[in-house]
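Following: one structure in structure tokens, then a few remarks.
Note that the structure is predicted; figures quoted are calculated from it, not measured. The figures here come from the full heavy-atom set of this structure, side chains too, leaving out hydrogens, waters and symmetry mates.
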Amino acid sequence: MEQKFDFGSLATTQATSNIQQRLKPWGIYDVKFSGARKETIKGRKDPDATYDILKVRFDGDNGFYEESIFYPKDGDDKRPVYVSKDGHEYLGASSFDRTMTFIAQVAEVLNPEGFKKMQKASSVFKSFDDVVKAFIAVTNPVKGKETKLK
């Protein structure tokens, strides 16, 4: 026995999705700070390996942006040497430099007073985990704060 379906209902069915898009690069977006958190993930190549990461997220009407920062490892503080077209050598920013700049920019923009306290406390930080804990403590009170993101 053949079942009969009415496929004509497709003409009035709305396709909806709750999947949020990533923000496109090079735009400037109105976003809200959604939060920062520490996460531990398993390695892809070595499933027994685990990696700690700091996740920082912003959400807006046009999509979201989430930065995943792996905890620094040996060698991440080395600045790469580049050679310009004229043959001059110059140093680039290390992975650690970029990470610390990102943390400083986000904390200072979202919570300037909290960032000043974090800067004062930084002399007693013993590990990147201390930086992450302080960053989360400084940014938690400003979850939902609106800002611009490029």
Donor-acceptor pair, side chain of Y29 and main chain of D61, under 3.5 angstrom: no

Treating D76 as the side-chain partner and K73 as the backbone partner, does any N or O pair qualify as donor plus acceptor under 3.5 Å? yes

Among residues two or more places apart or on two chains, list those pairs meeting ring-ring contact (aromatic ring centres under 6.0 Å, His included) that have a residue in residues 42-63. F33-F58

Would you mind listing every ring-ring contact (aromatic ring centres under 6.0 Å, His included) that reaches into residues 91-146, with sequence neighbours excluded? Y71-F128

Could you walk me through whether D59 and K32 pass the side chain to side chain contact (heavy atoms under 4.5 Å, CB included) test, one step at a time? CA-CA 5 Å; D59 287 286; K32 287 184 181 176; 5.5 Å; no

Could you pull out the closest heavy-atom pair between [X] and [Y], with the gap in Å?
X	Y	result
F64	Q20	CE2-O, 3.3 Å
K55	E66	NZ-OE1, 3.6 Å
P80	A93	CD-O, 3.6 Å

Looking at side-chain heavy atoms only, is the closest gap between [X] and [Y] below 4.5 Å?
X	Y	result
N62	K24	no
L91	V81	yes
I103	L54	yes
V109	T147	yes

So, taking the atom named [atom1] in [X] and the one named [atom2] in [Y], what distance separates them when rounded to the nearest 0.5 Å?
X	Y	atom1	atom2	answer
D130	M118	CG	CE	10.0 Å
I136	K143	CD1	NZ	8.5 Å
N111	T139	CG	OG1	8.5 Å
S127	D52	OG	CG	10.0 Å
D48	K42	CG	NZ	7.0 Å

Is I69 reachable from I53 through a run of hydrophobic residues whose side-chain heavy atoms are each under 4.5 Å from the next? no

Test of understanding: clusters of I, L, V, M, F, W, Y form through side-chain heavy atoms closer than 4.5 Å, transitively. Do L110 and M100 belong to the same one? yes

What pairs of donor and acceptor atoms, side-chain ones from residues 82-90 against any protein atom, are under 3.5 angstrom apart with sequence neighbours left out?
| residue | atom | partner | partner atom | Å |
| --- | --- | --- | --- | --- |
| S84 | OG | D86 | N | 3.4 |
| S84 | OG | H88 | N | 3.2 |
| S84 | OG | H88 | O | 3.3 |

Going by the rule side chain to side chain donor-acceptor pair (under 3.5 Å), which residues pair with [X] if we only count those two or more places apart in sequence or in a different chain?
X	answer
R98	none
K145	none
S94	D97

For atom CD of E39, is the number of surrounding heavy atoms from other residues, nucleotides or ligands below 6.0 Å larger than 12? yes

